[in-house]
Every structure is written in C-alpha cells, then in structure tokens.
2 protein chains.
Amino acid sequence: MSPAPAGRRRGPSKGDLREKAILDTARDLLSRKPLADITIDELAAGAEISRSSFYFYFDSKLAVVVALLHGLSGEVSRDAGPWLDGTGPDAEALRRSLAALATLWRDQGRLLAGALAAAPGCPPIARWRAALREAHVERLAARITRDRAAGHAPDGPAAHVLAAMIDDLRSAAFAAATDPEALVDDLVTVELRMMYGNFRVHHPDE
Amino acid sequence: MSPAPAGRRRGPSKGDLREKAILDTARDLLSRKPLADITIDELAAGAEISRSSFYFYFDSKLAVVVALLHGLSGEVSRDAGPWLDGTGPDAEALRRSLAALATLWRDQGRLLAGALAAAPGCPPIARWRAALREAHVERLAARITRDRAAGHAPDGPAAHVLAAMIDDLRSAAFAAATDPEALVDDLVTVELRMMYGNFRVHHPDE
DNA sequence: GAAAAAGTCGACACCGCGTCGACTCCGCAC
DNA sequence: GTGCGGAGTCGACGCGGTGTCGACTTTTTC
C-alpha cells in the first residue's frame with residue numbers, strides 16, 4: 001500500500017516542536033548506533049512523549065529516516081555541478097566535489113550508512129537512494145560520453161555502467177571509511193584512472 | 001532395525017540429516033527472498049521439525065547463515081590464486097578470477113547480499129566478511145607493491161587502500177547487478193585501470 | 001535391558017510494532 | 001462564560017517473531 005502522507009494533519013501548531021524533537025533525537029541516536037538498534041520507544045522518549053504518541057507524527061521508524069534523508073538530498077549533490085558539467089580530467093573540480101561529499105559523510109555517516117543498509121528492505125528508502133544514484137549516474141555518464149567523443153577519454157565499459165561503478169565505489173568506500181576526508185585524494189586518483197586511465201598490456205616477450 | 005550398519009562405525013545420525021535439511025532449506029529460501037523475510041518457522045518447517053526443535057541445531061537464524069557462509073569461504077577465493085600471485089596486468093588471469101566470482105554471485109547472490117546487509121549488525125557475519133576481505137586485500141596489496149617495485153604499475157594510493165577499493169567495488173558491483181556474469185569484462189577493464197592506468201592530464205594549452 | 005545421549009515438542013515469557021478508543025488541552029465563535 | 005472541535009496524548013490491546021524450559025520419546029551404548 002502506498003503509505004499516504006498520513007499521520008500529521010494540517011495546520012501550524014505547537015506539536016511541530018515535537019516533530020522536530022523526534023527528528024533531532026533520531027539524528028542524535030543515529031550518530032551513536034545503527035538504525036536497527038533504535039527503537040520507537042527511544043525516539044518517543046527523546047521527544048518526551050509516549051510510544052503511541054509517536055505514531056501521531058510518523059508512521060514508522062523508517063518514515064523518520066526518510067524525512068531525515070529528504071533533508072539531505074540537496075546537499076548530496078551540491079558542489080558536484082562544476083565537475084559533472086565540465087570536460088576532461090579536471091582533477092581539481094573532482095577533488096572539490098568529493099571533498100564536499102566527504103564532509104557530508106563525516107557528519108551524517110551513520111544516517112547514510114543506515115539508510116544504505118536498510119534500503120534493500122524498505123521501498124521508500126530504496127527509492128530515495130535510487131533517485132539520487134540515478135541522477136548522479138546519468139550526469140556522469142553524459143560527461144563520459146562527452147569526453148570520449150572529444151577524445152579526452154578512452155573507450156571502455158558503456159558509459160552508464162562505468163558511471164554506476166564509480167557511484168558504487170564512492171558509496172562503498174565512504175561507508176567503510178572511518179575518516180571519509182582522508183579518502184578524498186585517493187578517490188580522485190582512482191576515479192580519474194577509471195575514466196581516463198588507458199594503458200597498454202605489457203607482454204614481456206614482445 | 002539394526003541401527004548401526006555393519007562395517008560402518010557411525011552412519012550419519014538422524015540429527016545430521018536434519019541439520020543438513022535446515023541448511024538446504026535456508027539456501028533454497030534465500031534464493032527466493034531476502035534474509036530478513038525468512039522466519040525460523042519456515043526453516044523448521046522445511047526440515048519437518050517444530051520451531052523449537054530448530055534451536056537444538058542452531059542458535060538463531062543468523063547462525064544458519066554463518067554456517068552457510070562458512071561453506072562458501074573456500075569458493076570465494078578459489079581460482080583467484082593465479083591472478084593474485086602473478087605479476088603485471090595479466091588481463092586473462094584477472095578475467096578468469098572474476099568469472100569464477102561472478103558464477104558464485106549468480107548462484108549465491110541472495111546469500112551473499114543478505115550477509116553483506118546483515119554484517120553491520122551481526123558480529124559473526126561481520127567477522128566472516130572482514131576475514132575474507134582482509135585476506136583478499138592483503139594479497140592484492142602485495143601484488144600491487146610487487147608490480148610497482150618492478151615498474152609495471154604507477155604509484156598512487158597506498159597499496160592496501162587501493163586494494164580495499166577494488167574489493168569494495170567488486171562487492172558493490174556484484175551486489176547491485178542483476179546479471180553478475182555480464183559484469184566481468186567491464187570489471188576487468190576497470191580494475192586494470194585502477195591498478196595500472198596511468199594517464200597524463202591533458203592541458204589543452206601546453 | 002537399563003542408563004545415557006540425542007532429539008522433539010508444547011507452553012510460556014518477552015519484545016517491538018502498530019492500532020484503537022477514550023481522554024485532555026487549547027483556541028475560538030458566539 | 002459556555003461549549004465545540006480539532007490537536008495532542010496515552011493506556012491497553014492484539015499480533016508476529018524470538019528464545020527458553022522442562023517433560024517427553026527415540027536411539028545408542030554398555
């Protein structure tokens with residue numbers, strides 16, 4: 001059943017504070033333990049309401065996460081524009097784009113990691129992730145195609161496959177990292193190699 | 001009748017069969033739905049015992065998965081030897097190694113994906129994954145170091161960081177793929193680029 | 001053939017989720 | 001001020017899944 005945005009009715013009110021308190025509590029708890037270990041009781045307690053009152057504000061624990069995620073959508077792709085819209089191996093633009101992403105992962109790592117882990121079993125989260133990924137892959141694939149046509153980049157895997165791999169690599173690397181920001185330079189090197197790194201196979205005997 | 005078949009000291013006891021039946025059922029169910037949707041009831045039913053009898057054999061659903069995983073440990077790294085122990089960009093060895101991995105993912109994708117998803121919240125699974133990853137990263141890092149020393153590969157990220165990225169990329173790519181085997185050739189290209197793909201930044205004006 | 005070990009099961013307590021209906025609180029209209 | 005309605009709150013309930021316990025039956029062993 002497509003969950004209608006039920007729960008909260010219309011009108012400005014004081015309960016808005018409670019809603020915010022739940023969100024804040026969730027953010028806070030997520031910085032300390034994985035999503036699966038967080039119970040609705042805790043979320044409710046953090047907002048100083050009873051467990052059943054929680055349902056007045058959100059349909060479920062996952063709905064809270066989705067709300068949190070939604071607030072992040074913009075930031076995830078902010079600062080990626082110059083790199084994605086440019087051409088050729090512009091290491092600096094890529095570095096700036098990745099540095100912004102790394103900051104986000106530093107601050108919201110648990111939320112992001114929890115969302116990624118929960119995605120396979122939660123359609124709304126999966127949709128959020130898919131939309132973001134889709135958007136990134138598409139722009140990056142377009143860039144790859146452009147670069148190949150202009151002779152900046154060698155042929156290789158289909159552009160969207162390569163773009164998807166790069167997106168996967170980012171998520172996996174950041175999710176596994178304890179210090180995302182330390183990864184930026186290496187990621188720059190590796191991504192540029194994936195896109196532009198041609199090389200000749202050396203047969204020792206020829 | 002005579003319980004111990006003549007000649008054979010100990011046949012497979014009734015319990016051994018049950019244990020195997022549980023494992024088989026788990027494998028079977030996992031090929032049809034994600035781990036989180038599988039209940040102990042189903043596992044027990046598949047082995048034709050009651051739910052509480054299940055606990056005679058395994059401590060929990062995750063323990064079954066761990067057992068299944070254990071049986072897979074060998075296969076995951078089988079066929080990777082020639083590539084990992086070789087030197088230089090030997091595309092064919094890499095391709096064979098990845099093809100074997102792809103077959104495994106095709107057959108056991110749900111199990112592997114479920115394990116990866118459950119790992120953050122389940123120490124035994126996390127340990128299994130970490131051990132496998134560790135082993136692969138270590139051998140691959142050694143290969144990278146060797147190749148760099150011999151001048152086959154350019155410098156770049158620390159060998160173990162690069163190796164970890166390659167491992168991450170594989171997991172992410174296979175986990176996301178609907179057809180792992182179609183990914184092999186692209187993965188070969190991309191991994192070789194990550195390791196050997198040097199390139200010069202083209203400044204159009206120089 | 002009796003004791004021990006292996007295996008089986010129903011009943012139970014527990015936990016977390018989501019629902020329901022009754023209640024309180026508060027602003028507003030008259 | 002009365003009183004009405006919606007926002008907000010909560011206790012109690014039912015559900016489904018987990019894990020444990022103790023009593024029971026079957027198989028093995030000596």
Side-chain angles (χ1 to χ4, degrees), chain A residues 1-26 29-30 33-67 114 118 121-125, chain B residues 1-26 29-30 33-67 114 118 121-125:
Chain A
M1 320 300 159
S2 56
R8 195 97 168 80
R9 290 164 222 174
R10 288 314 310 163
S13 58
K14 262 175 70 173
D16 287 343
L17 293 180
R18 254 74 215 262
E19 184 170 331
K20 185 165 181 309
I22 292 174
L23 258 4
D24 287 343
T25 304
L29 289 175
L30 272 169
K33 54 178 170 179
L35 176 60
D37 287 2
I38 294 175
T39 170
I40 291 183
D41 253 325
E42 294 175 282
L43 259 16
E48 295 180 305
I49 55 178
S50 74
R51 200 178 61 82
S52 45
S53 285
F54 167 91
Y55 289 98
F56 182 78
Y57 297 99
F58 294 96
D59 282 345
S60 73
K61 185 169 63 177
L62 257 9
V64 177
V65 173
V66 171
C122 175
I125 295 186
Chain B
M1 284 292 101
S2 72
R8 209 114 160 64
R9 283 220 287 119
R10 271 156 124 239
S13 72
K14 187 182 181 183
D16 289 339
L17 295 179
R18 253 74 218 261
E19 184 170 329
K20 185 166 180 308
I22 293 174
L23 259 3
D24 287 343
T25 304
L29 289 175
L30 272 169
K33 52 178 170 179
L35 176 60
D37 287 1
I38 294 174
T39 170
I40 290 182
D41 253 327
E42 294 175 281
L43 259 16
E48 295 179 305
I49 55 178
S50 75
R51 199 179 61 82
S52 45
S53 286
F54 167 91
Y55 289 97
F56 181 79
Y57 297 99
F58 295 96
D59 282 345
S60 72
K61 184 168 62 175
L62 257 10
V64 177
V65 173
V66 171
C122 174
I125 295 186

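Chain letters run A, B, ... following the sequence lines, proteins first and then strands; every chain starts at 1. Heavy-atom basis, side chains included; hydrogens, waters and symmetry copies ignored. In this text the structure is predicted, and so the values were computed from the model without any measurement.
Rounded to an integer number of Å, the gap from A:Phe54 CZ to D:dT9 P is 13 Å. Taking atom OH of residue A:Tyr57 and atom P of nucleotide D:dA7, one finds them 11 Å apart after rounding to whole Å. Summarising the geometry, the separation between CD1 on B:Ile49 and P on D:dT26 is reported as 17 Å, rounded to the nearest angstrom. For B:Leu17 and C:dG7, the CG to P distance is 10 Å, given to the nearest whole Å. Atoms CD (A:Glu19) and C1' (D:dG8) sit 13 Å apart, rounded to a whole Å. A straight line from CG of B:Leu62 to C1' of D:dG17 spans 14 Å, rounded to a whole angstrom. We find that CZ of A:Phe58 is positioned 13 Å from P of D:dT9, with the value rounded to whole Å. Straight-line distance from the NZ atom of A:Lys61 to the C1' atom of C:dG16: 9 Å, rounded to whole Å.
Below the 3.5 angstrom threshold, one finds no donor paired with an acceptor across the side chain of B:Arg51 and the base of C:dG10.
Nearest nucleotide to the A:Tyr55 side chain, out of C:dC17, C:dG7, D:dT9: C:dC17. When the nucleotides D:dT9, C:dG18, C:dA6 are ranked by their closest atom to the side chain of B:Phe56, C:dA6 comes out on top.
Nearest heavy atom pair, residue B:Leu29 against residue B:Glu42, reads CD1-CB, 3.9 Å. Across B:Arg51 and B:Ala44, no two heavy atoms sit closer than the pair CA-CB, 3.8 Å. Across all non-hydrogen atoms, the minimal contact from A:Ala47 to A:Ile22 is CB-CG1, 3.6 Å. Taking both residues in full, the closest heavy atoms of A:Leu43 and A:Ile38 are given as CD1-CG2, 3.9 Å, listed atom of the first, atom of the second, then distance.
Taking 4.5 Å as the limit, some side-chain heavy atom of B:Val64 sits within range of a side-chain heavy atom of B:Phe54. A:Val66 has its side chain out of reach of A:Phe58: every pair of non-hydrogen atoms, C-beta onward, lies at least 4.5 Å apart.
For the pair B:Ser53 and C:dT8, the criterion of a side-chain N or O lying under 4.0 Å from OP1 or OP2 is not met. Using a 4.0 Å cut-off, some side-chain N or O of A:Ser50 falls inside it from OP1 or OP2 of D:dC10.
For the pair B:Lys20 and B:Asp16, the salt-bridge criterion is not met [side-chain N within less than 4.0 Å of a carboxylate O].
Nucleic acid contact for B:Arg18: sugar-phosphate only, since backbone atoms but no base atoms lie under 4.0 Å from a heavy atom of the residue.
Less than 4.0 Å separates DNA chain D from no heavy atom of any residue of residues 34-48 of chain A.
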